[in-house]
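First the structure, in the form of structure tokens, and then the observations on it.
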Amino acid sequence: MCLAVPGKIVDKQDMLATVDISGVTRKVSLMLLPEAQAGDFVLIHAGFAIQRLDEAEAKKTLELFKELEKYAELDA
Amino acid sequence: MQSLTPEEQRRTAGFFTTEISHRVKRPLRLMEVCGTHTVAIFKAGIRQLLPAGVELVSGPGCPVCVTPNEYLDTAIAYSRQPNVILTTFGDMLRVPGSSSSLLVEKAAGADIRIVYSPLESLDIARDYPDKQVIFLAVGFETTAPTAAATVLTAARADLKNFSVLSSHKLVPPALQALLDRPGVRVDGFLLPGHVSAVIGVEPYRFLQRNFGIPAVIAGFDPLDILQSVYMLVRQLEDGAAKLENQYSRIVPAAGNPAACKLLEQVYQPADTVWRGLGMIPSSGLVLRPGYSAFDSRSKLPVVVEPASEPKGCRCGEILQGSIKPTACPLFGRSCTPDHPVGSCMVSVEGTCAAWHKYGAGRWQL
Ligand code: SF4
Ligand code: SF4
């Protein structure tokens, strides 16, 4: 039930955002994430943006995975 | 992660599974608390990738599964009232109550509408000023703030014909209650990422402090899950019991303060009954007295039939991770996703439903 999907805010009008979720646009409430801005990637649950995607942290995870990929290669 | 090629993903997964195999020296039981994890684990075949000594068991991770019959019976009683429109997330429709389900009531003419967002209930309330609109407010910490925001919006708009039938539940008290039970053996927890996106890291600290159990807040991609299992295994083999956050790209340490504040403003903790786990102190949320005008139970009292449990269903043990679905005599026989007897077969995130759909892999009995 707490399924949540990422989307990108393309427009913000007060507490209402238009988000692009894999090519589909939807209106979502920003009442739970008032600081979100146009351009942000957010996690959307039940019509509300509930969290922002931290791009620096996302990059860290990705870099870790890339590093491990090299390691796995050496190991093989 | 989408930005890795399939080949890179395969190799990274290979790294984690090899490391896990090298490190595991004794049988481990790791519990994923969240039904979304359960489904991701089955879909990606993660159980089959792990060495035989690492067992993944599902816990009480789906609000649909843990909603007791008494709540459904109350919702059904409301749906039978004239001039009531029930709004609900789709998952709740097929959950069997003591003697009916919302789907059966809907077919019989009850006005029950599926909403994607609780806010849609307010539009319905505006469109039907002569009817009472009741939103079935079910869900964990991820979902409860969306209901709180809806109640607040209704209060600001002074909407008099909207209320919520609240059955929100909190994850940390349930974990505590589970661990307090004799006979429950869990070596480590994969904690629910989207619940944590709201509550943050600290509410789980007791796992480490009171129980010495390692825990990792985990994301939902197969590599996130494998990395989280690897982090747990590493802790267990080092004799550590830490609280780690694998999903930091979505879960900041403080969670979502605006959502928590709204939740706190509208709701207060209360004792509540979980299917299979019984009453757990302070594990539910009820509206604060200032919002009682939006509380269906106090606003529109209704007579509810006495609740009874389905015969033979073993959801209680499933939700504690103490048996596998195949141990239930009804599994795949009288209980299937098309004709669920118990709630764990209803939600796509339910443990019985996941086993039925994806098979049990290496764990098939
Ligand atoms: S309701 Fe939330 S915590 Fe439960 S299974 Fe679904 S996603 Fe996970
Ligand atoms: S198989 Fe059906 S009856 Fe048995 S425990 Fe699961 S949901 Fe309950």
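Within every chain, numbering begins at 1; the chains are lettered A, B, ... in the order of the sequence lines, protein sequences first and strands thereafter.
Enclosure of atom NZ in A:K12 by more than 12 non-hydrogen atoms of other residues, nucleotides or ligands within 6.0 angstrom is indicated. The number of heavy atoms from other shown groups lying within 6.0 Å of CD (B:E202) is above 12.
Near-neighbour residues of residues 26-42 of chain A relative to chain B, defined by a heavy atom under 4.5 Å from a heavy atom of that chain, comprise A:R26, A:S29, A:M31, A:L32, A:L33, A:P34.
When each of B:P145, B:A13, B:G219, B:C260 is scored by its heavy-atom pairs under 4.5 Å with chain A, the top score falls to B:P145. Of the listed residues (B:P257, B:A149, B:A258, B:A259), the greatest number of heavy-atom pairs within a distance under 4.5 Å of chain A belongs to B:A149. Annotation: maximal heavy-atom pairing with chain A below 4.5 Å, among B:V39, B:L262, B:L119, occurs at B:L119.
No donor-acceptor distance shorter than 3.5 angstrom exists from the side chain of B:N256 to the backbone of A:Q51, with no hydrogens or angles considered. Checking side-chain atoms of B:S248 against main-chain N and O of A:E57 turns up no donor-acceptor pair under 3.5 Å.
Rounded to the nearest 0.5 Å, atoms CZ (A:F65) and CD (B:Q227) are 4.5 Å apart. Rounded to the nearest 0.5 Å, atoms CG (A:L68) and CG (B:L226) are 11.0 Å apart. Atom CG of A:L3 is separated from atom CZ of B:F89 by 11.5 Å, given to the nearest 0.5 angstrom. To the nearest 0.5 Å, atoms CD1 (A:I50) and CD (B:E141) are separated by 11.5 Å. For the atom pair B:D224 CG and A:T61 OG1, the distance stands at 7.0 Å (nearest 0.5 Å).
Interface remark: B:I250 contributes backbone and side-chain atoms alike to the contact with chain A (heavy atom separation under 4.5 Å). Of the atoms belonging to A:L43, it is side-chain heavy atoms, and not backbone ones, that fall under 4.5 Å from chain B.
Between A:F48 and B:T150, some side-chain heavy-atom pair lies under the 4.5 Å cut-off.
Residues satisfying the side-chain hydrogen bond (donor to acceptor under 3.5 Å, both in side chains) test with A:D54, not counting sequence neighbours, are none. Take B:A155 and apply the side-chain contact (heavy atoms from CB on, under 4.5 Å) test, not counting sequence neighbours, and it matches B:Y291, B:F294. For B:E7, the side-chain hydrogen bond (donor to acceptor under 3.5 Å, both in side chains) partners two or more places apart in sequence, or in a different chain, are B:R10, B:R11.
Between the side chains of A:H45 and B:T146, no donor-acceptor pair is found at a separation under 3.5 Å.
Listed here is the closest heavy atom pair of A:A46 and B:P118: O-CD, 3.6 Å.
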